[in-house]
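Down below is the structure, laid out as structure tokens.
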Amino acid sequence: MGIAMTVRLRYAPSPTGHLHIGGARTALFNYLYAMHHQGTFILRIEDTDLERHVANAADEFAENLRWLGIEWQEGYQVGGSFGPYTCMERLGIYRDHVDKLVQSGRAYPCFCTEDELSAVREKQQAEGVTPHYLGTCRALAEDERAIRIERGDAYTIRFRVPEHAVSFDDLIRGALHFEPEHVGGDFVIVKSNGVPVYNFAVTVDDMLMEITHVIRGEEHISNTPRQLYLYEAFGANPPIFGHVPLILGANGKKLSKRDESIVQFIDQYRELGYLPDAIFNFLALLGWSPGGEQEVMTKQELIDRFDLERVSKSGAFFDAAKLQWMNGHYLHAVDPATLLEEARALLFARGVAAPDDEWLHAFLSLVLEKVTQLTEIEGYARNLLSENVTLERDAQETLASPQAITVLECFAGVIDAECDGTPDGFKAAIRRVQDETKIKGKDLFMPIRAALMGTLHGPDLNRSLSLIGCVRCVKRVREALVKMKSLG
RNA sequence: GGCCCCAUGGUCAAGCGGUUAAGACACCGCCCUUUCACGGCGGGAACAGGGGUUCGAAUCCCCUUGGGGUCACCA
């Protein structure tokens, strides 16, 4: 018995944009599976698309992945013994493998132009047959190939598709079978610019990096037979595949990066004040179910319980409302101290300056339980810190009651005479107003809340007053009194 | 159109031959709360249709319908 084989999984994004929820979910499933089996999770950058390549995308992916708590033990930025982990740095490796295929006759140069090919494709589509490469350059004589290459004709390298069917056992969907006539004929493995095509690069990379399991989106099912042929040509064993269901947009179709009906990029959620743990938890539930009734789970619980058998086969709508709920759930439970920096920056960016850390901490303790997105704290902070209050309609109505003036005049006197600025101090002050005016309950609290907060709804009154501070409290009461009296 | 995948409430989903068909989000009530929220309790709401197999189908098979994916020198 040798050492138990450890699983090796990877997430291989193309650096063509921002990390979106679909990609994050795929990365997460790979990560969870790898961690569950004490294996290795690898990040590899699949940058063979030179046209769509976006400058800082790879680093941004890495940063957002880390922010989410998805960490890789090997790969981009961290290295490892199977590198390099970026395709464009592996060109020499691909070249060697292409040469092997060409020499053994499994691949050959194709001189067809894109125009010629698309004309054929359109015709085939119109006739209702599977669009496929006709094999035009398949049987070119060796010397003709040499002449045309010598002459400088542009060419791609195509893989000669065998005549037998391929099948594999998908971890999520079971046995899948493909006939050779449905793979589209001999396919391109190297573009005319010399860069390999995705299907070829991933296969070589996964093979060389000894990837054991490939968990990816359902849209890759039809790519699998081509990759299988490639593994076969290299005499290698393919990894185990698992195709997870698609994430659907409101239209019931695969979530498009251009779909604006939904916030779908991780950095957007980050800006909106979503907590990474909440997104991590939510994403894990998108297409996978833990089985029991518990849905809110820590990262470790998720790792412990994750398995592919419980991944569903049908696509899932992205339920933003549920994410919001879950984020609120995490926000209500989080330690305010951990959010100090982020909250300060968030408020600052929106033109609200928090007095100090002590205030900020008390503030967060007070309002965090009331929000579902961190950005919502802005409104509360503004209300607490602004010099004057805008009285909402219901607040005005409350202040119109005859007892309101009595209460507020008394309250003003009390806190003007003595105010220590603590929640307990305000509590005592209000009690004193009650003793002196004999007014209690709603008639006592509501005028105070209305005058000081401008609204009838809000967080705990005493703690709110404490955050407003003695000076502003007095000022607010007096201003409210002036307004009330002028209105008669 | 060819090939492939999928099908339980509005949404996410348990269920893997016998259940009063879980649970969560959302929605609607009620309770709690001197406000709001949190929380608690309760409610409405589903097996796409048709054939089989079986003593018995949400569960197994077939067909229909519906939805989706993919058919690039993109990934």
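By convention in this document, chain letters (A, B, ...) are assigned in the order of the sequence lines, proteins followed by strands, and residues within each chain are numbered from 1. Just the heavy atoms: all of them, side chains too, but no hydrogens, waters or symmetry mates, feed the values below.
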With a 3.5 Å cut-off and heavy atoms only, can you find an N or O donor on one side and an acceptor on the other between the side chain of [X] and the base of [N]?
| X | N | answer |
| --- | --- | --- |
| N223(A) | A75(B) | yes |
| T156(A) | C73(B) | no |
| K313(A) | C5(B) | no |

For this session: Hey, which sits more toward the 5' end of RNA chain B by its nearest nucleotide, R121(A) or L285(A)?
Result: L285(A)
Exercise. When you match Y198(A) and G252(A) each to their closest nucleotide on RNA chain B, which lands nearer the 5' end?
Worked result: G252(A)
Look at all strands and tell whether [X] reaches a base, only sugar-phosphate, or nothing, counting heavy atoms closer than 4.0 Å.
| X | result |
| --- | --- |
| I221(A) | sugar-phosphate |
| H220(A) | base |
| S118(A) | nothing |
| R226(A) | nothing |
| E295(A) | base |
| R173(A) | sugar-phosphate |

For this session: May I ask you to check whether W288(A) and F306(A) place their ring centers less than 6.0 Å from one another?
Result: yes
Exercise. For the residue pair Y269(A) and L323(A), what are the closest heavy atoms and their distance?
Worked result: CE2-CD1, 3.4 Å
Exercise. So does R432(A) have more than 12 non-hydrogen atoms from other groups sitting under 6.0 Å from CZ?
Worked result: no
For this session: Using modelled atom types only, decide if a donor and an acceptor are shared between the side chain of D169(A) and the backbone of L176(A) within a distance under 3.5 Å.
Result: no
Exercise. Considering only side-chain heavy atoms of L246(A), which listed nucleotide, C73(B), U35(B), G69(B), is closest?
Worked result: G69(B)
